[in-house]
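Side chains are part of it too, since the values below use all heavy atoms of this structure and drop only hydrogens, waters and symmetry mates. Residues: numbered from 1 along the sequence shown. Every number for a ligand or one of its atoms is a count from 1 in the order of the listing.
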Amino acid sequence: MTLHNNQYLLSNGVDPLLLAEKYGCPLYVYDAAIIKRQYERMVNAFDVPQLRINYACKALSNISVLKYLHQMGACLDTVSIQEAMLGLKAGFQPHEITYTPNCVSLEEMEAAVELGVNINIDNISMLEQFGHHYPHIPVCIRINPHIMAGGNAKISVGHIDSKFGISIYQMPHVLKVVQATGIRIAGVHMHTGSDILDPEVFLNGAEVLFKIAHQFPNLDYLDLGGGFKVPYQEGAAATNMEDLGPRITKRFQQFCKEYGKELALVFEPGKFLVSEAGILLVKVNVIKTTPSTMFAGVDSGLNHLIRPMLYDAYHHIVNISNPTGTPRVYNVVGYICETDTFGANRKIAEIKEGDILAIKNAGAYGMSMASNYNARFRPAEVLVHEGKDYLIRQRETMEDILRNQIEVDVMQTALV
Ligand SMILES: *Cc1c(COP(=O)(O)O)cnc(C)c1O
């Protein structure tokens, strides 16, 4: 969404204000052209014979978005059996889906085997159990490269104290398990965190992965994970895919030559593909001043976009009802009964009650982390494609809030 002739517009000139009017607020809007642009940036950056982009489903798991990415050629990375099932529903073939869970039961792994998806194993205990039951099913292993990286401690997952992956120092044990069970290791995977800017982190990670990969002679692919940075602040630096791509390509091709086989190169971007495509449109309910602060209270909160509160994430906020108004300083806050600040001390074009604000970069980990806290409905979702808008999730109703609740009057039962 950019400012054109004094109004904010989506691709093909679609006006987000009209969408807010048509569908109401709060509303998640996704611009398909930006998802496409980001997908193509990735595909064009890596010049290898077999490139596989596994979209990380958890970033934005609406089935219509999954379908759209699938039609462009993406495969899917899933972290739960339910996400794998969503992927199948969206039209992905089982072999196009990778299942990368953490701390799940053998039963859930077995359910994934039933679905026929690719299995990624992230601890030795599971590798041993799995190899015992399914020695004929090749698997990928997730390694922990012991690299500290990412935008926030909660999304840094490849360091030495992390619960994710098998330590690179445990490879002797892995090799024993492989030998004893006869299972084939078909892929080696790592994912170090989210919101990583420095290309050296990815290159160093790749070096660690190459070293490990040499210990497994029958690989089909190497998976370098996701975690690319997007510009949350206006004008902020983001992962320079066009610079990173050729550097990784060069080292990967060298590796394949040494290894003696052309492997597939896999990535799992979530945020990079969908973050910038999404905005959350909210309506201003009240303007309230205190001795120190002017608040704009909106019809949304941490129940709809929790990143600012959970990760101290910055999301740029603009007033699309009054794009050229004189900027004033606001705290934009939600309507939830605890402090839920979307942005503090923000210069925003003068806001009146009833104005529509757009919270930017809300495509990734926005709706997929939304909840019904305070018994509020989750937002509707709209996908904009080539000038047309499509409702891809209806707003919830009281029925959704009551679904699965069982009304028991325990006092009455006790009397009988
Ligand atoms: C979350 C996750 C990703 C995607 O991370 P982004 O920061 O959204 O790119 C990729 N792989 C795995 C295993 C993940 O858990």
(message) Could you check whether any heavy atom of Phe164 sits closer than 4.0 Å to an atom of ligand 1, since that is the contact criterion I want to use?
(response) no

(request) Using distance alone, with no hydrogens and no angle criterion, decide if Tyr23 and Asp389 have a side-chain donor and acceptor under 3.5 Å apart. (result) yes

(message) Within the structure, is a non-hydrogen atom of Gly225 found at a distance of less than 4.0 Å from ligand 1?
(response) no

(message) Within ligand 1, which atoms have a heavy atom of Lys271 less than 4.0 Å away?
(response) 6 (P), 8 (O), 9 (O)

(request) Applying salt bridge (charged side-chain N to carboxylate O under 4.0 Å, His left out), run through Glu207 and Lys211 and close with a yes or a no. (result) CA-CA 6 Å; Glu207 293 305 330; Lys211 212 180 250 164; over 6 Å; no

(message) Taking 4.0 angstrom as the limit and counting only heavy atoms of Arg142, give me the atoms of ligand 1 inside it, by number and element.
(response) 13 (C)

(message) Please report whether ligand 1 has a polar contact with Tyr365, defined as an N or O pair separated by less than 3.5 Å (distance criterion only).
(response) yes

(message) Quick one, Asn118 with Tyr99, criterion side-chain contact (heavy atoms from CB on, under 4.5 Å). Give me CA distance, side-chain angles, the key distance, then yes/no.
(response) CA-CA 6 Å; Asn118 302 303; Tyr99 171 66; over 6 Å; no

(request) Identify the protein heavy atom lying closest to atom 9 (O) of ligand 1, giving its residue, its atom name and the separation to 0.1 Å. (result) Gly227 N, 2.8 Å

(message) As a quick check of understanding, evaluate side-chain contact (heavy atoms from CB on, under 4.5 Å) for Met369 and Leu310, giving each step before the final call.
(response) CA-CA 11 Å; Met369 292 179 85; Leu310 188 62; 3.7 Å; yes

(request) Look up atom CD1 in Ile320 and atom CD1 in Ile279, then write down how far apart they are to the nearest 0.5 Å. (result) 6.0 Å

(request) Verify whether one side chain among His315 and Asn361 offers a donor that lies under 3.5 Å from an acceptor in the other. (result) no

(request) Considering non-hydrogen atoms only, spot the tightest contact between Leu60 and Gly363 and give its length. (result) CB-O, 3.5 Å

(request) Examine Arg346 relative to Tyr314 and say whether NZ or CZ is less than 6.0 Å from the centre of the six-membered ring and inside a 45° cone about the ring axis. (result) yes

(message) Does ligand 1 come near enough to Glu268 that some N or O of the ligand is less than 3.5 Å from an N or O of the residue?
(response) yes

(request) Kindly confirm or rule out an N or O of Ser194 lying under 3.5 angstrom from an N or O of ligand 1. (result) yes

(request) Of the side chain and backbone of Ala56, name the one, both, or neither that has a heavy atom under 4.0 Å from an atom of ligand 1. (result) side chain

(message) Under 3.5 Å between any N/O of Gly270 and any N/O of ligand 1: does that happen in this structure?
(response) yes

(message) Return the closest protein heavy atom for atom 1 (C) of ligand 1 as residue, atom name and distance.
(response) Lys58 NZ, 1.3 Å

